[in-house]
Colleague: 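Sending over a structure as C-alpha cells; questions will come in a sec.
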Amino acid sequence: PEIGEAALAVLHDAGYDARPLRQAACCGLTWISTGQLDGARRRVSATVELLVPFADRGIPIVGLEPSCTAVLRHDAVQLLDSDSARLVAGATATLAELLNRTPQWRPPDLRGVSVIAQPHCHHHAVMSWDADERLLRRAGATVTRVAGCCGLAGNFGVEAGHYDLSVAIAEQRLLPAVRHASAESVILADGFSCRTQLIELADRRASHLAQLLAGRLST
C-alpha cells in the first residue's frame, strides 16, 4: 500500500481531499491482454459504473498504475462505447497531470536529484509521459528518460518461451541505463511490471513518482 499512501500524502499537500476507492474494482486488463473481451467488458463496466458518479460531479479520478489508468482513458471507451465510459475517461488523470494543473501547489525541491526514469509503455502510448517529465524538471531534478520497453509486459515475460526475449528487450535500453547510473540516482518506474523487471534483473528497487515526491515534502 505504500504507493497509495504516498499519493494521498502528495495530494493532501496539494490541497485535495483525496481518498482511496473503498469498493473492489478491476480495470480488466488481465482479460483484455489475454483476449477475453467478454469478461473484460463485464469487469470494466462494473468499474465505470462505480466511478461515474464521481466523474459526473467533476471529481478527478487519479490513476497510479499506468496500465489501469490507460484502460480507463482508452480501452474502456472502445470496449463499452458508452457515455459513462467517456465521462470517466475525461475525469481520469495521472498524478503528474493533476498536479501540473493545480496552480497553488509547488513541487518539493528535487535539486541535486538525478532521476533515471522508465516510462511504462501504456503511459507513454496512451497518456504521454511529458507531464511527469515537466513536473520533475520544474522541481529541479535532472532527468534521464529511458526509451523503450522493460520487456516484462505483465505476464508475458514470465511465460515459458518468452523469458529470454523479455531479458533481451530489457537489455536494449533499460538495464544498461541502470547499470551506468550512480548508486545515488533515483530509479523511477510507475509501472508494476517495470519495477518487477528491475528488481529481478538489475537488483535495483525503483520508486513510483508519488513516493519520490512524498519523500521530499518536508524538505
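No experiment lies behind these values; they were computed from the predicted model shown.
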Colleague: State, yes or no, whether a side-chain contact exists between Glu171 and Pro176 at a heavy-atom distance under 4.5 Å.
Modeller: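 They are in contact (side-chain heavy atoms under 4.5 Å apart), so the answer is yes.
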Colleague: Any donor and acceptor pair, going by atom type alone, linking the side chain of Ser185 with main-chain N or O of Ala181 inside 3.5 Å?
Modeller: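 No, because the side chain of Ser185 does not come within donor-acceptor range (under 3.5 Å) of the backbone of Ala181.
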Colleague: Set out, in order, the CA-CA distance, both residues' side-chain angles and the distance that settles side chain to side chain contact (heavy atoms under 4.5 Å, CB included) for Met127 and Thr69, then state yes or no.
Modeller: CA-CA 9 Å; Met127 285 86 70; Thr69 310; 3.9 Å; yes
Colleague: Would you check, one step at a time, whether the test salt bridge (charged side-chain N to carboxylate O under 4.0 Å, His left out) holds for Arg86 with Asp81?
Modeller: CA-CA 8 Å; Arg86 283 183 279 273; Asp81 190 24; 2.9 Å; yes
Colleague: Measuring from Leu87:CG to Ile61:CD1, what's the distance to the nearest 0.5 Å?
Modeller: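 With rounding to 0.5 Å, CG (Leu87) is 8.0 Å from CD1 (Ile61).
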Colleague: Check whether any side-chain heavy atom of His180 lies under 4.5 Å from a side-chain heavy atom of Leu175, and answer yes or no.
Modeller: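 Side chain of His180 against side chain of Leu175, heavy atoms only: no contact under 4.5 Å found.
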Colleague: Report yes or no: do Ile169 and Ile187 belong to one cluster of Ile/Leu/Val/Met/Phe/Trp/Tyr joined by side chain heavy-atom distances under 4.5 Å?
Modeller: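 The answer is no; the residues belong to distinct hydrophobic clusters.
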Colleague: How far does CD of Glu200 sit from OH of Tyr163, to the nearest 0.5 angstrom?
Modeller: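 So the gap between those two atoms works out to 7.5 Å.
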Colleague: Might you work through the side chain to side chain contact (heavy atoms under 4.5 Å, CB included) test for Val44 and Asp75, ending with a clear yes or no?
Modeller: CA-CA 9 Å; Val44 172; Asp75 302 75; over 6 Å; no
Colleague: Kindly say whether Trp105 contributes a backbone atom to a donor-acceptor pair with the side chain of Thr102 at under 3.5 angstrom?
Modeller: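 Judged by distance alone, no pair lies under 3.5 Å.
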Colleague: Can you tell me how far apart CG (Leu79) and CZ (Arg43) are? Round to the nearest 0.5 Å.
Modeller: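 Between atom CG of Leu79 and atom CZ of Arg43 there are 12.5 Å.
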Colleague: Are any non-hydrogen side-chain atoms of Val10 and Leu99 less than 4.5 angstrom apart?
Modeller: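 They are in side-chain contact.
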Colleague: I'd like to know if the side chain of Gln197 reaches the main chain of Ala170, judged simply by a donor and an acceptor atom lying under 3.5 Å from each other, with no hydrogens or angles considered.
Modeller: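 No, Gln197 side chain to Ala170 backbone: no donor-acceptor pair under 3.5 Å.
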Colleague: Are the side chains of Val62 and Tyr16 in touch, meaning some heavy atoms are under 4.5 Å apart?
Modeller: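 No, every pair of side-chain atoms sits at 4.5 Å or beyond.
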Colleague: Would you sort out whether Thr144 and Val115 count as a side chain to side chain contact (heavy atoms under 4.5 Å, CB included), showing the intermediate values?
Modeller: CA-CA 6 Å; Thr144 300; Val115 174; over 6 Å; no
Colleague: Which atom names give the shortest non-hydrogen contact between Ala85 and Val77, and what distance separates them?
Modeller: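 Ala85 and Val77 have their closest heavy atoms at O-CG2, 3.7 Å.
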Colleague: Does any part of the side chain of Leu64, heavy atoms only, come nearer than 4.5 Å to the side chain of Leu209, both counted from C-beta?
Modeller: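 No, side chains not in contact.
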Colleague: If you look at every heavy atom in Ala189 and Ala206, which pair is closest and at what distance?
Modeller: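 Residues Ala189 and Ala206, closest heavy atoms: CB-CB, 3.9 Å.
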Colleague: Please determine whether residues Leu174 and Leu165 belong to a single hydrophobic cluster, defined as Ile, Leu, Val, Met, Phe, Trp and Tyr linked transitively by side-chain heavy-atom distances below 4.5 Å.
Modeller: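 In one cluster: no.
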Colleague: Quick check against the 3.5 Å criterion: does His162 have a side-chain atom that pairs as donor or acceptor with the backbone of Phe156?
Modeller: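 Checking the backbone N and O of Phe156 against the side chain of His162, a donor-acceptor pair under 3.5 Å is found.
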Colleague: Check Ile199 against Thr196 and note the closest heavy-atom contact, atom names and distance.
Modeller: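 Between these two residues, the closest heavy atoms are CG2-O, 3.2 Å.
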Colleague: On a heavy-atom basis, which atom in Leu217 and which in Ala9 lie closest, and how many Å separate them?
Modeller: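 The answer is CD1-O, 3.8 Å.
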Colleague: Between OG1 of Thr94 and CG of Asp190, what distance do you get to the nearest 0.5 Å?
Modeller: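 Thr94 atom OG1 to Asp190 atom CG measures 8.5 Å (nearest 0.5 Å).
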Colleague: Are Leu110 and Val186 joined in one hydrophobic group, where the rule is that I, L, V, M, F, W and Y side chains link up if heavy atoms are under 4.5 Å apart?
Modeller: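 Cluster IDs for Leu110 and Val186 match.
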Colleague: Sub-3.5 Å donor-acceptor pair from the side chain of Arg216 to the main-chain atoms of Leu212, do we have one?
Modeller: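 Pair absent, no side-chain N/O of Arg216 close to backbone of Leu212.
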Colleague: Under 4.5 Å between side-chain heavy atoms, hopping through other hydrophobics if needed: is there a path connecting Val88 to Leu98?
Modeller: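 Val88 does not cluster with Leu98.
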Colleague: Given 3.5 Å as the limit, does a donor-acceptor pair link the side chain of Arg73 with the main chain of Thr92, or not?
Modeller: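 Checking the backbone N and O of Thr92 against the side chain of Arg73, a donor-acceptor pair under 3.5 Å is found.
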Colleague: Would you mind reporting whether Cys26 and Trp31 have side-chain heavy atoms less than 4.5 Å apart?
Modeller: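 Heavy-atom side-chain distance check passes, below 4.5 Å.
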Colleague: Looking only at non-hydrogen atoms, find the nearest pair between Arg101 and Ala93 and report the distance.
Modeller: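 Arg101 and Ala93 have their closest heavy atoms at NH2-CB, 3.8 Å.
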Colleague: Might you confirm whether atom CZ of Arg173 has over 12 heavy atoms from other residues, nucleotides or ligands at distances under 6.0 Å?
Modeller: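 Check fails, neighbour count at 12 or below.
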Colleague: How far does CG of Leu136 sit from CG of Leu188, to the nearest 0.5 angstrom?
Modeller: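 Output value for this atom pair is 6.0 Å.
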Colleague: State whether the side chain of His120 and the backbone N or O of Cys194 hold a donor-acceptor pair below 3.5 Å, judged by distance alone.
Modeller: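 Looks like no, no N/O pair under 3.5 Å.
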Colleague: Can you establish whether the number of heavy atoms outside Arg111 located under 6.0 Å from its atom CZ is more than 12?
Modeller: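 Not buried by this count: 12 neighbours or fewer within 6.0 Å.
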Colleague: So do Leu95 and Leu135 actually touch side chain to side chain, heavy atoms under 4.5 Å?
Modeller: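 Leu135 vs Leu95: side chains apart.
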Colleague: Could you please spell out the steps behind the side chain to side chain contact (heavy atoms under 4.5 Å, CB included) verdict for Leu51 and Gln23?
Modeller: CA-CA 10 Å; Leu51 294 173; Gln23 300 92 328; over 6 Å; no
Colleague: For Gln211 and His208, indicate whether the former's side chain and the latter's backbone hold a donor-acceptor pair under 3.5 Å.
Modeller: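 A pair under 3.5 Å: yes.
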Colleague: Would you say Leu152 ends up clustered with Leu29 if hydrophobic residues are merged whenever their side chains have heavy atoms under 4.5 Å apart, either directly or through other cluster members?
Modeller: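 Cluster IDs for Leu29 and Leu152 differ.
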Colleague: For Glu133 and Arg138: C-alpha separation, side-chain torsions, deciding distance, then whether salt bridge (charged side-chain N to carboxylate O under 4.0 Å, His left out) applies.
Modeller: CA-CA 8 Å; Glu133 185 167 9; Arg138 181 176 150 211; over 6 Å; no
Colleague: So with a 6.0 Å cut-off around CZ of Phe54, is the heavy-atom count from everything else above 12?
Modeller: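 Not more than 12 within 6.0 Å, no.
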Colleague: On a heavy-atom basis, which atom in Gln104 and which in Ala14 lie closest, and how many Å separate them?
Modeller: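 Taking every non-hydrogen atom into account, NE2-O, 3.1 Å.
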Colleague: Got a second to check how far Asp132's CG is from His124's NE2, nearest 0.5 Å?
Modeller: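 Reported value, rounded in 0.5 Å steps: 13.0 Å.
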Colleague: For the backbone of Pro103 and the side chain of Arg106, can you confirm whether one donor and one acceptor N or O come within less than 3.5 Å of each other?
Modeller: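 Yes, because the side chain of Arg106 sits within donor-acceptor range (under 3.5 Å) of the backbone of Pro103.
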Colleague: Do side-chain atoms of Glu49 reach the backbone of Ala46 as a donor and acceptor pair under 3.5 angstrom?
Modeller: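 It does not hold such a pair.
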Colleague: Is it the case that the side chains of His12 and Asp17 hold a donor-acceptor pair, with the cut-off being a distance below 3.5 Å and no angle test?
Modeller: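 Note: Asp17 and His12 side chains miss the donor-acceptor criterion.
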